[in-house]
There are 2 protein chains.
Amino acid sequence: MAGDASLPGPRPGRRVTSADVARASGVSRATVSYVLNNVANKSVSESTRQLVLATAQRLGHIPYAPARSLRLGRSDIVLALVRDLTYGYIHDRVLEVLDVALARRGFVLLIHRYSEQVRPLSELWPMVAPALVVSMGGLSVPEMSSIQDSRAKLVGVQGLFPHERAGEMQVEYLHSRGHRRIGYAFPANPSVELIAAERLAGARRACARLGIPEPVLQEVDLNDGDTVFAALDAWAAAPEAITGVCAHNDDIALMLSSGLTARGLRAGTDLAVIGVDNIPLARIGITTVEINADAFADQIVQSVLDTLDDRVAEPKQRELLRLIVRDSA
Amino acid sequence: MAGDASLPGPRPGRRVTSADVARASGVSRATVSYVLNNVANKSVSESTRQLVLATAQRLGHIPYAPARSLRLGRSDIVLALVRDLTYGYIHDRVLEVLDVALARRGFVLLIHRYSEQVRPLSELWPMVAPALVVSMGGLSVPEMSSIQDSRAKLVGVQGLFPHERAGEMQVEYLHSRGHRRIGYAFPANPSVELIAAERLAGARRACARLGIPEPVLQEVDLNDGDTVFAALDAWAAAPEAITGVCAHNDDIALMLSSGLTARGLRAGTDLAVIGVDNIPLARIGITTVEINADAFADQIVQSVLDTLDDRVAEPKQRELLRLIVRDSA
DNA sequence: TTGTACGCGTTATCAG
DNA sequence: CTGATAACGCGTACAA
């Protein structure tokens with residue numbers, strides 16, 4: 001029994017290190033590392049290999065990420081910066097596809113709900129040391145330079161997506177259906193402001209090109225039903241009544257549709273409403289500009305992998321948008 | 001020029017370490033560490049303090065997370081395991097509140113979209129070394145033991161939430177409005193199966209207690225509008241027609257409502273529909289069992305902080321559910 | 001204020 | 001071919 005106690009057994013309350021595995025296996029730490037990492041060019045006899053594997057398993061050894069990263073000079077973390085998780089459907093799909101692609105390359109995708117008020121980016125790097133940062137929204141100049149300082153690579157999603165075109169397509173469709181006075185439902189949520197501005201700009205451009213008046217802007221807050229009714233009233237009270245509305249996205253289009261229903265009216269017959277996204281909930285009755293989530297995701301994945309490999313990204317634009325006509329417009 | 005070259009200047013292409021700052025400041029690495037960490041009980045003269053701070057700033061030094069974690073034996077990462085980001089509103093709110101609370105404690109919340117098929121949990125620990133894991137869905141037994149092996153603390157969200165009660169409240173409300181034949185719209189998405197089963201169980205229990213037949217189950221797939229119409233048909237064709245339906249959540253309730261509208265019917269008059277969540281989109285017209293997201297978030301935060309401090313959690317149950325009556329039921 | 005040992009995994013170099 | 005020794009990455013904190 002005294003013999004047992006003097007043996008360098010498992011240290012209580014401490015992490016199981018590769019050194020523990022080495023001791024218990026009667027081999028060196030180097031050998032353990034070679035075995036655990038399947039290092040090529042290093043021949044280890046099958047017997048020791050099995051012994052090390054079994055011992056590691058038995059002791060429950062898990063290589064400690066910080067030590068690995070310190071030695072390797074890089075972490076396997078890709079950090080996605082997101083302002084808001086409720087972007088919903090498209091975002092979720094993109095992040096899923098991205099994580100699968102990264103997994104094949106030995107990286108892991110972690111998502112951070114980023115807000116400058118909670119914690120400046122500069123405080124993020126001493127806590128996480130990502131190999132690459134994917135920014136899912138816009139970034140300010142100081143934010144971008146902070147990422148540069150952190151030595152993480154950076155991929156921005158903004159710019160990859162033709163938001164203006166989406167706004168244009170909405171107006172073009174409404175125009176083709178005879179609508180000449182168009183409303184625009186702009187989101188109140190500040191976290192989508194940049195995107196929203198682009199879509200609106202596209203709608204405005206299309207109106208100008210088609211020779212119809214600028215869209216009549218109304219702000220709609222997803223968290224406040226009153227704003228929906230206020231918008232409907234404003235459009236109805238316009239000098240020349242609005243007959244068709246572009247909604248920033250399907251969520252807002254759905255709210256407008258619900259608002260109409262609540263008033264005994266109906267989207268499509270009393271007021272044309274068109275959204276953007278083609279979210280599942282919209283698939284009953286909402287006319288929309290569909291975003292091809294998979295194609296969009298592929299572009300981002302391509303961009304991320306290129307950046308990880310220090311390749312220059314070849315911008316292979318694919319068609320991401322498609323009109324889907326349903327009852328609401 | 002030769003003199004310049006022999007100076008230990010900034011090493012090209014390499015990280016700026018605290019040693020670089022120490023050299024450039026003409027002080028020891030220890031001093032740099034003390035200054036940068038504002039260590040109490042360590043008197044550093046104001047002049048060197050300012051010098052070090054300025055030098056660090058000038059060189060763009062950022063403490064390297066892996067080295068910190070290795071030395072301290074802990075990382076500042078709290079990892080939230082999520083099956084699916086489209087849980088939406090409630091989840092987003094919870095994760096926001098949690099991150100704010102963790103920020104105050106010097107931790108950062110990172111979210112991982114977890115799927116066993118993409119990457120087993122055991123491969124996650126060598127990449128991330130979280131101080132604590134928050135599981136936002138259910139975990140299997142091997143998954144839980146994998147977390148144990150990783151030496152991360154674990155907080156499960158399941159169990160904190162009275163899902164059965166939500167199902168009960170739905171049935172109780174429909175019953176109070178005179179409905180005796182009740183349908184149940186069950187989500188097809190497997191990632192919410194555990195939660196959904198609990199809500200359904202509650203609905204069943206309430207039916208039994210009230211002496212009405214079991215709810216007639218129909219599966220509804222958010223991504224497939226046909227399932228909505230199939231469900232509506234099935235309920236209408238039941239031996240005794242269904243007059244009220246409990247939806248697993250507001251998204252499904254909204255789909256049912258849209259389906260009714262598409263058929264020229266209306267939720268509330270032709271078929272009563274009640275959801276769960278009170279998501280923003282539901283706030284026009286959908287009767288629902290509201291989840292108090294902030295109170296729910298507070299519970300989780302409390303649980304997380306208790307676990308981080310190795311305190312035993314005191315289960316301070318608050319009322320999380322509230323009936324909200326609108327047009328749809 | 002400083003010197004230095006430490007945390008842990010990786011890998012170049014060396015010995016049998 | 002099989003394996004061991006030792007240096008390294010970087011920040012922290014104890015002893016001096």
Side-chain angles (χ1 to χ4, degrees), chain A residues 10-11 13-52 56 59-76 106 125-129 131 150-151, chain B residues 8 10-11 13-23 25-52 56 59-76 106 125-129 131 150-151:
Chain A
R11 300 163 300 171
R14 293 182 69 86
R15 203 178 298 281
V16 178
T17 73
S18 69
D20 294 330
V21 177
R23 260 190 300 278
S25 306
V27 300
S28 73
R29 287 160 56 212
T31 303
V32 172
S33 180
Y34 292 139
V35 170
L36 260 34
N37 291 318
N38 271 316
V39 175
N41 307 345
K42 280 291 171 182
S43 53
V44 178
S45 75
E46 190 55 25
S47 59
T48 46
R49 158 180 220 73
Q50 291 304 333
L51 173 61
V52 168
L59 300 185
H61 168 65
I62 294 188
Y64 189 50
R68 261 184 78 88
S69 299
L70 176 58
R71 175 63 235 222
L72 263 15
R74 58 179 170 75
S75 85
D76 300 322
W125 316 130
M127 313 178 77
V128 190
S150 79
R151 306 184 57 84
Chain B
R11 300 163 299 172
R14 294 181 68 86
R15 203 178 298 282
V16 179
T17 73
S18 69
D20 293 329
V21 176
R23 259 190 301 280
S25 307
V27 301
S28 71
R29 289 160 56 214
T31 303
V32 172
S33 180
Y34 291 139
V35 169
L36 260 35
N37 292 315
N38 270 317
V39 176
N41 308 345
K42 283 290 170 182
S43 56
V44 178
S45 75
E46 190 56 24
S47 59
T48 47
R49 158 181 221 74
Q50 291 303 333
L51 173 62
V52 168
L59 300 185
H61 168 66
I62 295 188
Y64 189 50
R68 264 182 73 88
S69 300
L70 176 57
R71 175 63 234 216
L72 296 177
R74 59 178 171 75
S75 84
D76 299 321
W125 317 129
M127 312 180 77
V128 191
S150 79
R151 307 184 55 83

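Each chain gets a letter, A, B and so on, in the order the sequences are listed, and its residues count up from 1.
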Without decimals, in angstroms, what is the distance between [X] [atom1] and [N] [atom2]?
X	N	atom1	atom2	result
A:R15	C:dC6	CZ	P	18 Å
A:I62	C:dC8	CD1	C1'	14 Å
A:N41	C:dT10	CG	P	16 Å
B:R23	C:dG3	CZ	C1'	15 Å
B:R151	C:dG7	CZ	P	14 Å
A:Y64	C:dT10	OH	P	14 Å
B:R74	C:dC8	CZ	P	15 Å
A:L51	D:dG3	CG	P	10 Å

Does [X] make a side-chain N or O approach to OP1 or OP2 of [N] shorter than 4.0 Å?
X	N	result
A:R68	C:dT10	yes
A:N37	C:dT10	yes
B:S18	D:dG11	yes
B:S69	C:dG7	no
B:S33	D:dA13	no
A:S45	D:dG3	yes

Check whether the side chain of [X] and the base of [N] form a donor-acceptor pair under 3.5 Å.
X	N	value
B:R29	C:dG3	no
A:R71	D:dC8	yes
B:Y34	D:dC14	yes

Scan [X] against the nucleic acid and name what it touches under 4.0 Å (heavy atoms): base, sugar-phosphate only, or nothing.
X	answer
A:V39	nothing
B:V32	nothing
A:L36	nothing
A:T31	sugar-phosphate

Provide the closest heavy-atom pair for [X] versus [Y] in the form atom of the first, atom of the second, distance.
X	Y	answer
B:Y64	A:R74	OH-N, 3.7 Å
B:L36	B:A56	CD1-CB, 4.4 Å
B:L70	A:A67	CD1-CB, 3.8 Å
A:A129	A:S75	O-OG, 2.6 Å

(request) Measure from the side chain of A:A30, starting at C-beta and using heavy atoms only, and say which of D:dG11, C:dC8, D:dT5 lies closest. (result) D:dT5
(message) Of the listed nucleotides (C:dG9, D:dC10, C:dT4), which one gets closest to any side-chain atom of B:T17?
(response) D:dC10
What protein N or O atoms touch nucleotides 14-16 of chain C N or O atoms at under 3.5 angstrom, if any, and at what distances?
none

(message) Holding to side chain to side chain donor-acceptor pair (under 3.5 Å), I want the full list of residues that pass it with B:S45, two or more places apart in sequence or in another chain.
(response) B:S47, B:T48
Measure the [atom1]-[atom2] distance between [X] and [Y] for me, rounded to the nearest 0.5 Å.
X	Y	atom1	atom2	result
B:R49	B:S43	CZ	OG	11.0 Å
B:R15	B:I62	CZ	CD1	9.5 Å
B:N37	B:R68	CG	CZ	5.5 Å
A:N38	A:S33	CG	OG	11.0 Å

(request) Identify, between B:G26 and B:P66, the residue whose nearest nucleotide on DNA chain C lies closer to the 5' end. (result) B:G26
